[in-house]
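First listed ligand is number 1; within each ligand, the first listed atom is number 1.
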Amino acid sequence: MADPQVLVAGAGPAGLTAALMLARAGIAVRVLERHTEPFEDPRAATIHPPTMEMLFESGVTADLLAEGIRAPVWQFRGREEGVVAEFDLSILADATPFPFRLQCEQHKLCRILLRHLEAFAHAEVLWGVTVADAAQDADGVTVTTSEGDLHRAAYLLGADGGRSVVRKSQSIAFEGFTYPERFLVVTTPRDMAAKGYAISSYVSDPVTWCALFKVPGKAPPGLWRIVFPTDPEAPEAELLDRVAAARRLATLIPDPEGYEVVHTNLYAVHQRVAANFRKGRVLLAGDAAHVNNPLGGMGMNFGVHDAILAAERIAAVLAGGDDDLLDRYDRQRRKVAEAFLQAMTIANKKTLEEKDPAARLARLDELRATAADPAKARAHLLKTSMIEGVRAAAAIP
Ligand SMILES: Cc1cc2nc3c(=O)[nH]c(=O)nc-3n(C[C@H](O)[C@H](O)[C@H](O)COP(=O)(O)OP(=O)(O)OC[C@H]3O[C@@H](n4cnc5c(N)ncnc54)[C@H](O)[C@@H]3O)c2cc1C
């Protein structure tokens with residue numbers, strides 16, 4: 001392929017979505033990915049209604065629906081109290097054609113995007129290529145790889161994750177904080193639905209809060225993943241030990257048979273937003289632009305939304321559109337990253353872990369009242385399903 005019009009750093013959900021949307025717009029695009037094949041780390045698995053809407057026309061949503069598990073209802077629980085509130089997305093049927101969460105692993109979304117991308121001769125993914133630096137001038141951007149190659153294009157989209165080399169190459173600050181505790185994700189084949197848990201459930205507790213969700217896994221009946229906070233002082237090997245993880249699970253949800261644990265992983269959790277999502281010919285999308293805790297399942301969705309808008313704007317500017325379209329991308333996405341993505345995920349964690357007994361009971365009462373009142377439940381669902389944030393972004397001039 002001759003020089004592409006756009007380079008994308010990173011073949012994660014954000015990078016591949018952007019590449020597909022650019023290719024569909026007739027733009028020559030090259031993705032540079034340091035891994036040698038699609039990465040299968042168990043991470044995001046919840047797809048919200050606006051993401052299914054945005055990916056519908058490309059055919060990606062149909063493939064996701066074929067592989068995913070629909071979750072119209074999610075629960076909020078107290079460890080002692082049991083079910084506190086149930087929220088049913090079906091009441092949003094007039095607001096979205098997809099009134100449910102779809103549980104489908106991130107790596108499956110990536111494989112679906114890759115399959116669709118293969119249909120375009122003017123799109124390519126170069127595997128095993130690590131972006132080391134990027135420099136821009138008046139006419140374009142030059143990317144230097146660790147392998148010593150140079151790639152040149154009119155625009156570069158940094159979708160290279162939380163530690164983005166592209167972001168650092170442009171000296172864009174990544175402001176925010178990192179929680180002292182890491183999150184432990186425990187995967188078990190035990191069917192938590194048989195114990196009354198919804199496919200997506202949050203369990204508040206001042207000490208051992210957790211979030212549970214079902215994923216399709218390799219075959220039915222699927223797997224359950226449970227996310228816990230951990231003691232910052234605890235050694236990593238102890239936290240990752242599967243026998244200890246099974247005990248941790250049994251403490252939360254007693255089971256005479258105990259638990260089989262098939263996987264454990266540990267994540268550092270950050271809340272950060274880049275100071276700019278656009279600097280000249282370089283744009284940022286996905287985790288390169290913002291990172292947040294996984295409670296609410298929003299990070300990957302938000303990155304896909306960034307990618308779709310960034311691709312649309314870059315295509316418009318390449319077709320002769322006003323350069324301000326790219327600044328508007330920054331204004332829109334950065335504003336909602338701060339006002340919705342950061343604010344909501346920080347609040348979700350605070351609600352789950354609230355230690356003050358009076359504040360905790362007040363919050364549980366508020367959630368009960370929200371679920372019981374159809375107007376309040378609808379407002380809550382519009383927010384938590386990311387519909388409100390998408391509408392707010394569209395309204396930013
Ligand atoms: C435990 C956990 C659970 C989560 N659950 C959810 C959820 O339910 N819902 C949700 O929406 N989000 C969730 N998230 C967040 C979600 O996983 C991320 O937001 C998502 O992966 C971001 O996608 P991305 O494409 O921006 O970045 P990434 O997925 O990180 O992809 C970046 C890509 O860039 C590549 N790359 C990095 N550096 C370079 C380089 N220098 N050169 C070339 N390539 C490079 C990487 O190899 C990678 O393939 C979760 C995260 C965690 C940790």
Backbone or side chain, does any N or O of [X] fall under 3.5 Å from an N or O of ligand 1?
{"X": "Ala285", "answer": "no"}
{"X": "Gly299", "answer": "yes"}
{"X": "Ala9", "answer": "no"}
{"X": "Met300", "answer": "yes"}
{"X": "Thr130", "answer": "no"}
{"X": "Pro13", "answer": "yes"}
{"X": "Gly297", "answer": "yes"}
{"X": "Tyr267", "answer": "no"}
{"X": "Ala288", "answer": "no"}

Strictly distance-based, threshold 3.5 Å: is any side-chain N or O of [X] a donor or acceptor partner for the main-chain N or O of [Y]?
{"X": "Asp41", "Y": "Arg43", "value": "no"}
{"X": "Arg101", "Y": "Ala71", "value": "no"}
{"X": "Ser164", "Y": "Asp160", "value": "no"}
{"X": "Lys383", "Y": "Glu388", "value": "no"}
{"X": "Lys335", "Y": "Phe340", "value": "no"}

Inset, instruction - Start with the C-alpha distance between Arg328 and Arg313, add both sets of side-chain angles, then the distance that settles side-chain contact (heavy atoms from CB on, under 4.5 Å), and finish with yes or no. - result: CA-CA 9 Å; Arg328 188 167 172 235; Arg313 295 290 163 76; 3.5 Å; yes

What protein heavy atom sits nearest [atom], and how far off is it?
{"atom": "atom 48 (C) of ligand 1", "answer": "Glu33 OE1, 3.5 Å"}
{"atom": "atom 14 (N) of ligand 1", "answer": "Ala44 CB, 3.7 Å"}
{"atom": "atom 27 (O) of ligand 1", "answer": "Gly161 CA, 3.9 Å"}
{"atom": "atom 43 (C) of ligand 1", "answer": "Arg34 N, 3.3 Å"}
{"atom": "atom 30 (O) of ligand 1", "answer": "Arg43 NH1, 3.5 Å"}

Legend entry - Donor-acceptor side-chain pairing of Gln106 and Glu40 below 3.5 angstrom: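 Absent: no donor and acceptor within the cut-off.
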
Inset, instruction - Report the part of Asn265 in contact with ligand 1, treating N, CA, C, O as backbone and CB onward as side chain, heavy atoms under 4.0 Å; options are side chain, backbone, both, neither. - result: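 It is neither; nothing of Asn265 touches ligand 1.
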
Legend entry - Whether Val129 lies under 4.0 Å from ligand 1, heavy atom: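 Contact check Val129 vs ligand 1: positive.
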
Inset, instruction - Tell me whether the guanidinium CZ or amine NZ of Arg363 lies under 6.0 angstrom from the six-membered ring centre of Phe76 and within 45° of its axis. - result: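 So Arg363 doesn't make the cation-pi contact.
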
Inset, instruction - For this output row, return yes or no: ring centroids of His270 and Phe177 closer than 6.0 angstrom. - result: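 Not close enough - the centres of the two rings lie 6.0 Å or further apart.
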
Legend entry - Nearest neighbour of atom 32 (C) of ligand 1 from the list Ala159, Gly303, Pro38, Ala268, on a heavy-atom basis: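 Closest candidate by heavy-atom distance is Ala159.
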
Legend entry - Winner among Pro294, Ser169, Gly296 once heavy atoms are compared against atom 4 (C) of ligand 1: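 It is Pro294 that holds the nearest heavy atom.
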
Inset, instruction - Determine the sole option in Asp287, Val282, Leu284 for which the side-chain contact (heavy atoms from CB on, under 4.5 Å) test with Arg167 is passed. - result: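 That would be Leu284; it is the only one of Asp287, Val282, Leu284 passing the side-chain contact (heavy atoms from CB on, under 4.5 Å) with Arg167.
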
Legend entry - Lys349/Glu181 ion pair, N-O < 4.0 Å: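 Yes, charged N to carboxylate O under 4.0 Å.
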
